[in-house]
Number of protein chains: 2
Amino acid sequence: MPPNGRRTTLADIAQAAGVSVATVSKVVNGRGEVAPHTRARVQELLHQHDYLAPVFRHTEAVGSPTIEVQFQGGLKSYVAETLEGIMDSAAEAGASVVISKVCRAPHWARDLASAGRRAVIAVTSVYTATHLRELARAGLPLVVLDPLHLPDSRVNSVGATNFAGGLAATRHLLSLGHRRIAYLGGPGMAVCNQARMHGYRAAMEAEGAPVPDACVRPGEFTYEAGLLGTAALLDLEEPPTAVFTGNDEIALGVIEAARVRGLRVPEDLSVVGFDDTHLAQMASPPLTTVRQPLREMGAAALRTALRLANGEKAESHHIELATELVVRASTAPPGG
Amino acid sequence: MPPNGRRTTLADIAQAAGVSVATVSKVVNGRGEVAPHTRARVQELLHQHDYLAPVFRHTEAVGSPTIEVQFQGGLKSYVAETLEGIMDSAAEAGASVVISKVCRAPHWARDLASAGRRAVIAVTSVYTATHLRELARAGLPLVVLDPLHLPDSRVNSVGATNFAGGLAATRHLLSLGHRRIAYLGGPGMAVCNQARMHGYRAAMEAEGAPVPDACVRPGEFTYEAGLLGTAALLDLEEPPTAVFTGNDEIALGVIEAARVRGLRVPEDLSVVGFDDTHLAQMASPPLTTVRQPLREMGAAALRTALRLANGEKAESHHIELATELVVRASTAPPGG
DNA sequence: CTGAAAGCGCTTACAG
DNA sequence: CTGAAAGCGCTTACAG
């Protein structure tokens, strides 16, 4: 809140605090010779007026903006490929990309802002109202990639057409002649997972295929979850002949679980993944999967972040890019 | 070259150029009203004296250093896992990590320096003498991770004990009873590949096992290379019963090539990878491989980069971390 | 096109 | 512990 568009100066603070510029300067530079209560009052005012020391000013002026990309957990294929899209798009725009794991120290957003970041892109991370407030206070725009929550008009986000993807995957299996198709999904409360599952349900219902409760299993987006989930499915009275999974990692677990039981993929069990990360192409057999345009999604997120950093509005607070079924070698008619 | 430790100021340049400070200021700020030849002379001097505008000075002063990590090609598992090590270590040290793809515009090194980078970490990238000179001129230290060239005392690098890894992998196969073991490697001129291959050769020779030329194939570090190489190996008069590969991606290609021919892994063909990326754990069957401590290597590179950025010396210009054989399900005695 | 001069934001040695 | 004053590096309106 500098008076009229001007930067806040030490003189502004000095006047507001009723002390000399020299004293304010000492506080800013952490010199010792200031009375504690004077120091406290001045610090409070510096904070309120959003004072930025000259050394940090480049932050706002410089032409090449820096975007912070945060993610949780490991740098998995999904994140890596999204990141590539972000990087390519940033290189084109002359922007820099800083990566970090989500870690919320007391003033994380303010710290990012004063380190020169102009916007934050969060990859599949949970953001609460508190985080949003921190970010807003620091003046940092946020773009969420593959949001875990429902699109919220206060947050800008980029996703993919998950429902359509679930529908396409399931229809593909149905068209091959499968009827007993299971869904081995991700966390139950993640919207992307819910949409994929409902796409699956919609396709099954349209075909009049039964969906027993035991055939729809939420879980984690991991290989281990695929391994365990498949074991449970294959122990069923009437095991499925095909499994549609929440992502490629789960699908790889399914393939391995089948192998361990002496089942061949796709002859004895068909498997469809989701994402089309490199994992899908390098699986044995190569995985039929629903492609998410991860690079394009990353690129879109970066462009939106840059626009917001520039004070412009995003065209829409949420955009979704199209998914697409990619048929490879892990699906075949049942009873090979 | 500021006189005596002091920063170069506009006054220094003005004096050297025999013009007023005002004129130099105009040149720095790109204002129009300066004669072309005056502008040229001043610009030359600014460059020579390494003048840095106040807005950019934070670059050198600030406590939280920024490290640029560059890599070539895609953000593959190998790079992603190394990057995780770099990030964790950076978070601990309060440093920031900027990622970018190698792309060498005219003044790339100088541009990085003036954008505030304090060091560069190159992941498996080729650096020529010219690049090194650019970097040196910009005052930017370099650490190469998994160098493609032989350790050079002018470059700081971090690697792994590749020869020992090749030896361990091959011994493992020999101890299972294999004699016809092939090596499907990476690029012939990459030192890491050479070391792995010589480890393989050393183990074979020690055992008196023959190494026919057709059984040692250099190639790319890719799935496709694994696919193609295996096809060639299996077409041999006496095909190998086991394949040791230059990295995990190649190994996944081998597994798929075997499957396509109706061969089971490990019953009909044993496969050993290299790296122990996530790919290895998620393969079907899970891959026996030589673990490179990628996170630790990344962490070591970051620490070295920070030390160099600080003007300290690295303890050694090249360090190697230990590799370790990880036995999973892709290896078994021959003729299962 | 150039530079003397006024001025700005900041720091610091020093008097109180 | 505080602030008046000198000074530094830079910018800019203006006279030449």
From the options [options], select the nucleotide whose nearest atom is closest to the side chain of [X].
{"X": "B/T9", "options": "D/dG9, D/dG3, C/dT2", "answer": "D/dG9"}
{"X": "B/S25", "options": "C/dT11, D/dT12, D/dT2", "answer": "D/dT12"}
{"X": "B/A22", "options": "C/dA4, D/dT11, C/dC10", "answer": "C/dA4"}

Quick one about A/Y51 and A/D12 (side-chain donor to acceptor, distance below 3.5 Å, no hydrogens or angles considered), yes or no? no
For the residue pair B/H107 / B/R137, report whether a side-chain donor-acceptor contact shorter than 3.5 Å exists. no
Heavy atoms under 4.0 Å, any strand shown: does A/V21 hit a base, just sugar-phosphate, or nothing? base
Roughly how many Å is it from [atom1] in [X] to [atom2] in [N], rounded to a whole number?
{"X": "B/R41", "N": "C/dC1", "atom1": "CZ", "atom2": "P", "result": "15 Å"}
{"X": "B/K26", "N": "D/dC14", "atom1": "NZ", "atom2": "C1'", "result": "10 Å"}
{"X": "A/Q15", "N": "C/dG9", "atom1": "CD", "atom2": "P", "result": "12 Å"}
{"X": "B/H37", "N": "C/dT2", "atom1": "NE2", "atom2": "P", "result": "7 Å"}
{"X": "A/L10", "N": "D/dC8", "atom1": "CG", "atom2": "C1'", "result": "15 Å"}

Looking at [X], does any N or O in its side chain come under 4.0 Å of the phosphate oxygens OP1/OP2 on [N]?
{"X": "A/T23", "N": "D/dG3", "result": "yes"}
{"X": "B/Y51", "N": "D/dG9", "result": "no"}
{"X": "A/T38", "N": "D/dC1", "result": "no"}

For B/N156 and B/A314, which heavy atoms make the closest approach, and how far apart are they? OD1-CB, 3.4 Å
Between the CG atom in B/L302 and the CE atom in B/M297, the distance rounded to the nearest 0.5 Å is 14.0 Å
Are there more than 12 heavy atoms of other residues, nucleotides or ligands under 6.0 Å from atom CD of A/Q72? yes
In Watson-Crick or G-U wobble terms, both distances under 3.5 Å, what is the partner of D/dA4? none
Partner of D/dA13 under the Watson-Crick or G-U wobble criteria, both distances under 3.5 Å, comes out as none
